[in-house]
Amino acid sequence: MGKQFYINNVVRIKNRSIYNNQELLFRSGLDIAEIDLFFKEVYQFLQLSYPKFFKMDRMSKLGILATEILFNIEKQDINTALVFSNNSSSLDTDKIHQNALSQIVSPSVFVYTLPNIVLGEISIRHQLQSENIFFLSETFDAELIGDYTQVLLDSGKAKDAVCGWIDLKNAEYDVFLCLISEVGEIPFTVKNLEQLYYFENE
């Protein structure tokens, strides 16, 4: 029998609020459309010092903020896998790029026109040299995410993993990321992953 893995930490970012392990960590009084100001507020709340953050696209900012909370200042093993999914791909950045085509196109925008760029930004920030993949699906697919993550962990290709959903469309964001490791109280199963996601979405 293989090792037992656990859902060690959970972060949810949605509707101007951040929950960590189902407890409210931060709530903004901003209008829901003021997404960029919300990111700045959270950055300051977390007392981050990472100037590159302000050059990133919105999806990458969401990923950086969520993983800062997940890792809780602790340095992660370089073999922490990243298994993400969403519905809208990089649509938010694609629209910005499309609107700029009539002018001089900025390489700083074009580079983010792939959804998996967020994985690279997180890897750079936390010095990860791990397996990573970004799935596109209509809705959160706990079986796809859970099974793929389990294979990486069981095969030894990853020591830990961050898996979940990170979607951004029309200034609406929905982030649900879990840190999976050999320590914790909630067993890492597809059922538990699904229950946590839908509990946070009630």
Side-chain angles (χ1 to χ4, degrees), residues 5 7-22 32-36 38-39 42 56-67 69-70 80-99 109-123 130-155 157-158 160-180 186-202:
F5 291 91
I7 300 173
N8 179 288
N9 201 350
V10 180
V11 170
R12 154 70 75 200
I13 305 177
K14 191 174 183 180
N15 297 332
R16 298 168 294 175
S17 299
I18 300 178
Y19 288 85
N20 188 196
N21 293 323
Q22 300 180 355
I32 197 165
E34 297 179 293
I35 184 171
D36 295 309
F38 172 72
F39 292 151
V42 179
M56 297 177 185
D57 72 326
R58 291 170 171 174
M59 179 92 75
S60 295
K61 288 178 179 177
L62 282 169
I64 291 294
L65 294 174
T67 51
I69 298 166
L70 273 185
T80 299
L82 304 174
V83 182
F84 288 14
S85 65
N86 78 7
N87 168 268
S88 61
S89 186
S90 56
L91 183 61
D92 183 73
T93 303
D94 295 345
K95 286 181 176 180
I96 295 172
H97 179 65
Q98 178 69 34
N99 291 336
V109 173
F110 177 73
V111 73
Y112 289 104
T113 54
L114 288 172
N116 63 327
I117 298 301
V118 61
L119 306 176
E121 293 289 10
I122 292 170
S123 296
S130 53
E131 296 280 333
N132 62 70
I133 191 167
F134 202 114
F135 293 107
L136 298 181
S137 58
E138 187 172 343
T139 58
F140 176 71
D141 189 335
E143 186 172 3
L144 173 65
I145 294 297
D147 287 351
Y148 194 91
T149 302
Q150 190 70 57
V151 168
L152 292 178
L153 295 168
D154 288 344
S155 67
K157 290 184 177 180
D160 303 318
V162 175
C163 66
W165 180 262
I166 179 167
D167 201 34
L168 172 64
K169 182 165 45 181
N170 299 326
E172 293 184 11
Y173 41 90
D174 181 13
V175 179
F176 169 77
L177 295 181
C178 302
L179 176 60
I180 314 302
I186 304 173
F188 176 55
T189 65
V190 168
K191 182 178 180 180
N192 284 340
L193 199 62
E194 188 171 50
Q195 287 182 338
L196 280 169
Y197 176 79
Y198 285 107
F199 173 83
E200 297 288 351
N201 274 277
E202 289 178 353

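Everything numeric in this text was worked out from a predicted model, so none of it was measured.
Here the CD1 atom belonging to I64 is positioned 12.0 Å from the CD1 atom belonging to I69, to the nearest 0.5 angstrom. Here T67 contributes atom OG1 and L179 contributes atom CG; the two are 10.5 Å apart, rounded to the nearest 0.5 Å. The CG atom of D167 sits 8.5 Å away from the OG atom of S85 when rounded to the nearest 0.5 Å. With rounding to the nearest 0.5 Å, the separation of CD in E121 from CG in L82 is 12.0 Å. Note that the CD atom of Q150 and the CG atom of L193 stand 10.5 Å from one another [nearest 0.5 Å]. The structure places CG of N8 at 8.0 Å from CG of N21, a figure rounded to the nearest 0.5 Å.
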Notebook entry, point to check: After noting the C-alpha distance and the side-chain angles of W165 and S137, does the key distance pass the side-chain contact (heavy atoms from CB on, under 4.5 Å) rule?
Noted result: CA-CA 10 Å; W165 180 262; S137 58; 3.6 Å; yes

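In terms of heavy-atom proximity, I166 sits nearest to L62 at CD1-CB, 3.9 Å. Pairing each heavy atom of M59 with each of L168, the nearest pair is N-CD2, 3.8 Å. Looking at every heavy atom in both residues, S123 comes nearest to N132 through OG-ND2, 4.5 Å. When all heavy atoms are compared, the tightest approach of T149 to C163 is OG1-CB, 3.5 Å. The two residues F135 and V83 make their nearest non-hydrogen contact at CE1-CG1, 4.0 Å. Among all heavy-atom pairs drawn from A66 and V11, the shortest one is O-CG2, 3.8 Å.
One N or O on the side chain of R12 and one on the backbone of V175 form a donor-acceptor pair closer than 3.5 Å. In terms of modelled atom types and a separation under 3.5 Å, the side chain of N87 and the main chain of E138 share a donor-acceptor contact. A donor-acceptor pair under 3.5 Å is formed between the side chain of S130 and the backbone N or O of T80. N192 places a side-chain N or O within donor-acceptor distance of the main-chain N or O of P187, the cut-off being under 3.5 Å.
Residue I13 forms a side chain to side chain contact (heavy atoms under 4.5 Å, CB included) with just one option from F39, F176, Y173, and that option is Y173.
The shortest side-chain heavy-atom distance between I180 and V162 does not fall under the 4.5 Å cut-off.
Evaluation of the ring pair (Phe, Tyr, Trp, His ring centres under 6.0 Å) rule for F84 yields no partner, not counting sequence neighbours.
Salt-bridge annotation for D174 and K169: absent, with no side-chain N of the basic residue lying under 4.0 Å from a carboxylate O of the acidic one.
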Please list, one pair per line, the donor and acceptor atoms closer than 3.5 Å that link side chains of residues 139-148 to other protein atoms, with sequence neighbours excluded.
{"residue": "D141", "atom": "OD1", "partner": "E143", "partner atom": "N", "Å": "3.2"}
{"residue": "D141", "atom": "OD1", "partner": "L144", "partner atom": "N", "Å": "3.0"}

